[in-house]
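Take a look at the structure set out below.
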Amino acid sequence: MLCRICNCSTRAEFSHKVLGKYEAQFYFCNSCGALQAEQPHWLNEAYESPVASADTGILQRNMDLARLTSPVLLFLLDRRGRFLDAAGGYGIFTRLMRDLGFDFYWSDKYSPNLIARGFELGDATDVPYTAVTAFEVMEHLPDPMEFVAELLQSTNTDTILFTTELFTGQPPAPEDWWYYSFSSGQHIMFYQRSTLEFIGRSFGMNFYTSGLLHIWTRKNLNKAALRLLTSSRVSGILRTMPPRILGSRTWDDHRSLIGAGGI
């Protein structure tokens, strides 16, 4: 099997049941460091519900991501730009970020927009998106390179902020890493730092990470500032700053949606 990221040969690493019934082979690439499932024929079944029923942390996780992301947008990027949450699920993160004052929009091919209706990705890309967020997306992708290429083209952005858990060295044993999430069948691609660096280089982008938050961008960012702004202490202190600087969009969005016939 060829690596779906760097097209190099891979070796069979282990097999394990996914969704409790399908024996899946996982392959490791020594070149870029990716671990990937064989062609995942079970995905339609895995996504019968776009959000796994066992995902009880979805609200808290979105609030944590909003707290983590806000200082980066506020101090390292154009805070008054236009942003998109790709694969945005039910729209929770988009709504939280608009409440904080950022001009955020939503897109997702597989999930309904329940919380951020009226703020979907439009067709026009003449005005580029300042940055795109893709949180907890990369581990779900059969073809990460195609996803990134399509995202860059459809949004004309030069910055992608994303999250995914990384491993180092050889892949963890199946029983040693919770992130495999075999029972859901939705996690099929796993990364090391070297993998993410390779993807960034392939698209002419620099790679930055604070450990929790990863960034591909054509800009040059201050690494020390990124680590500071995304630390739990500093991001917690700064969590109320965006609406004070930008002004929350909650009430303005309400009025615009009522004016457009929203209910």
Side-chain angles (χ1 to χ4, degrees), residues 51 55-108 111 113-121 129-139 155 157-166 179 196 206-217 219-257:
V51 176
D55 189 3
T56 56
I58 186 171
L59 291 178
Q60 185 61 55
R61 190 167 61 252
N62 275 274
M63 290 188 288
D64 290 342
L65 287 169
R67 174 184 54 78
L68 185 71
T69 305
S70 296
V72 176
L73 303 187
L74 198 65
F75 294 108
L76 298 183
L77 299 173
D78 178 7
R79 64 185 69 165
R80 299 193 183 277
R82 187 170 65 152
F83 305 94
L84 175 74
D85 187 29
Y90 293 152
I92 298 170
F93 183 78
T94 297
R95 185 66 259 165
L96 287 171
M97 295 303 284
R98 293 191 69 83
D99 291 345
L100 291 172
F102 296 101
D103 190 17
F104 248 87
Y105 297 85
W106 169 97
S107 71
D108 197 311
S111 177
N113 178 10
L114 303 179
I115 310 298
R117 285 179 293 178
F119 301 100
E120 292 83 7
L121 168 70
Y129 283 84
T130 302
V132 175
T133 55
F135 294 135
E136 299 185 13
V137 176
M138 299 300 296
E139 59 273 14
T155 63
T157 192
D158 62 6
T159 301
I160 301 173
L161 296 87
F162 64 104
T163 58
T164 191
E165 293 284 333
L166 304 182
Y179 204 61
L196 301 181
N206 303 313
F207 174 69
Y208 299 90
T209 182
S210 67
L212 296 173
L213 181 69
H214 312 303
I215 302 175
W216 288 309
T217 182
K219 303 179 186 298
N220 292 314
L221 302 182
N222 185 311
K223 296 179 182 179
L226 176 63
R227 287 194 299 270
L228 180 66
L229 290 169
T230 55
S231 67
S232 57
R233 182 171 180 272
V234 172
S235 62
I237 292 172
L238 297 177
R239 70 183 186 279
T240 61
M241 187 172 288
R244 295 207 308 268
I245 294 176
L246 300 172
S248 174
R249 294 174 180 266
T250 307
W251 182 241
D252 287 344
D253 285 352
H254 169 76
R255 289 185 294 188
S256 69
L257 291 169

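Hydrogens, waters and symmetry mates are skipped; everything else that's a heavy atom, side chains included, is used.
Of the residues listed (F104, F93, W106, Y129), the one engaging F83 in a ring-ring contact (aromatic ring centres under 6.0 Å, His included) is F104, and it is the only one. Only one option out of L100, L246, T69 pairs with L74 in a side-chain contact (heavy atoms from CB on, under 4.5 Å); it is L246. Tested against F135 for a side-chain contact (heavy atoms from CB on, under 4.5 Å), the candidates L68, T164, L213 yield a single pass: L213.
Residues N62 and L96 have side chains in contact (heavy-atom distance under 4.5 Å, counting atoms from C-beta outward). A heavy-atom distance below 4.5 Å is not found between the side chains of L221 and N206. Side-chain contact between V72 and T230 is present, with heavy atoms from C-beta onward closer than 4.5 Å. Counting heavy atoms from C-beta outward, L238 and F75 have side chains that approach closer than 4.5 Å.
Shown here is R79, whose CZ atom has more than 12 heavy atoms of other residues, nucleotides or ligands within 6.0 Å. No more than 12 heavy-atom neighbours from other residues, nucleotides or ligands sit within 6.0 angstrom of CZ on R233.
Side-chain contact of R244 with T240: a donor-acceptor pair under 3.5 Å is present, judged by distance alone. One side chain, R67 or S235, offers a donor N or O that lies under 3.5 Å from an acceptor on the other. Remark: the T133 side chain and the D85 side chain contain an N/O donor-acceptor pair separated by less than 3.5 Å. At a cut-off of 3.5 Å, with distance as the only test, no side-chain donor of T157 or T159 sits close to an acceptor on the other residue. Side chains of D99 and T250: a donor on one and an acceptor on the other come within 3.5 Å.
Smallest separation of non-hydrogen atoms from Y90 and S111: CD2-OG, 3.3 Å. Nearest heavy-atom pair, Y105 versus E120, reported as atom, atom and distance to 0.1 Å: CD2-O, 3.9 Å. When every heavy atom of L84 is checked against every heavy atom of L121, the shortest pair comes out as CD1-CB, 3.9 Å. Closest approach of I215 to L226, counting heavy atoms only: CD1-CD1, 3.9 Å. Nearest heavy-atom pair, G89 versus D108, reported as atom, atom and distance to 0.1 Å: N-OD2, 2.8 Å. Counting all heavy atoms, side chain and backbone alike, V137 lies closest to A86 at CG2-O, 4.1 Å.
Taking CG of D78 as the start and CG of D103 as the end, the distance is 10.5 Å to the nearest 0.5 Å. From Q60, atom CD reaches atom CG of L65 across 10.0 Å, with rounding to the nearest 0.5 Å. Annotation: the span from S70 atom OG to L229 atom CG amounts to 11.0 Å, rounded to 0.5 Å.
Taking the ring centre of F119 as origin, the terminal cationic atom of R98 falls inside the region bounded by 6.0 Å and 45° from the ring axis.
Of the possible donor and acceptor atoms, one in the side chain of S256 sits under 3.5 Å from a partner among the backbone N and O of D253.
A salt bridge between K219 and D158 is present, with a side-chain N of the basic residue lying under 4.0 Å from a carboxylate O of the acidic one. Between D252 and R249 there is no salt bridge, since no side-chain nitrogen of the basic residue lies less than 4.0 Å from a carboxylate oxygen of the acidic one.
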Exercise. Does the pair H214 and M138 meet the rule for a side-chain contact (heavy atoms from CB on, under 4.5 Å), with working shown?
Worked result: CA-CA 11 Å; H214 312 303; M138 299 300 296; over 6 Å; no
Exercise. Going through the distances and angles, do L73 and M97 end up as a side-chain contact (heavy atoms from CB on, under 4.5 Å)?
Worked result: CA-CA 11 Å; L73 303 187; M97 295 303 284; 3.7 Å; yes
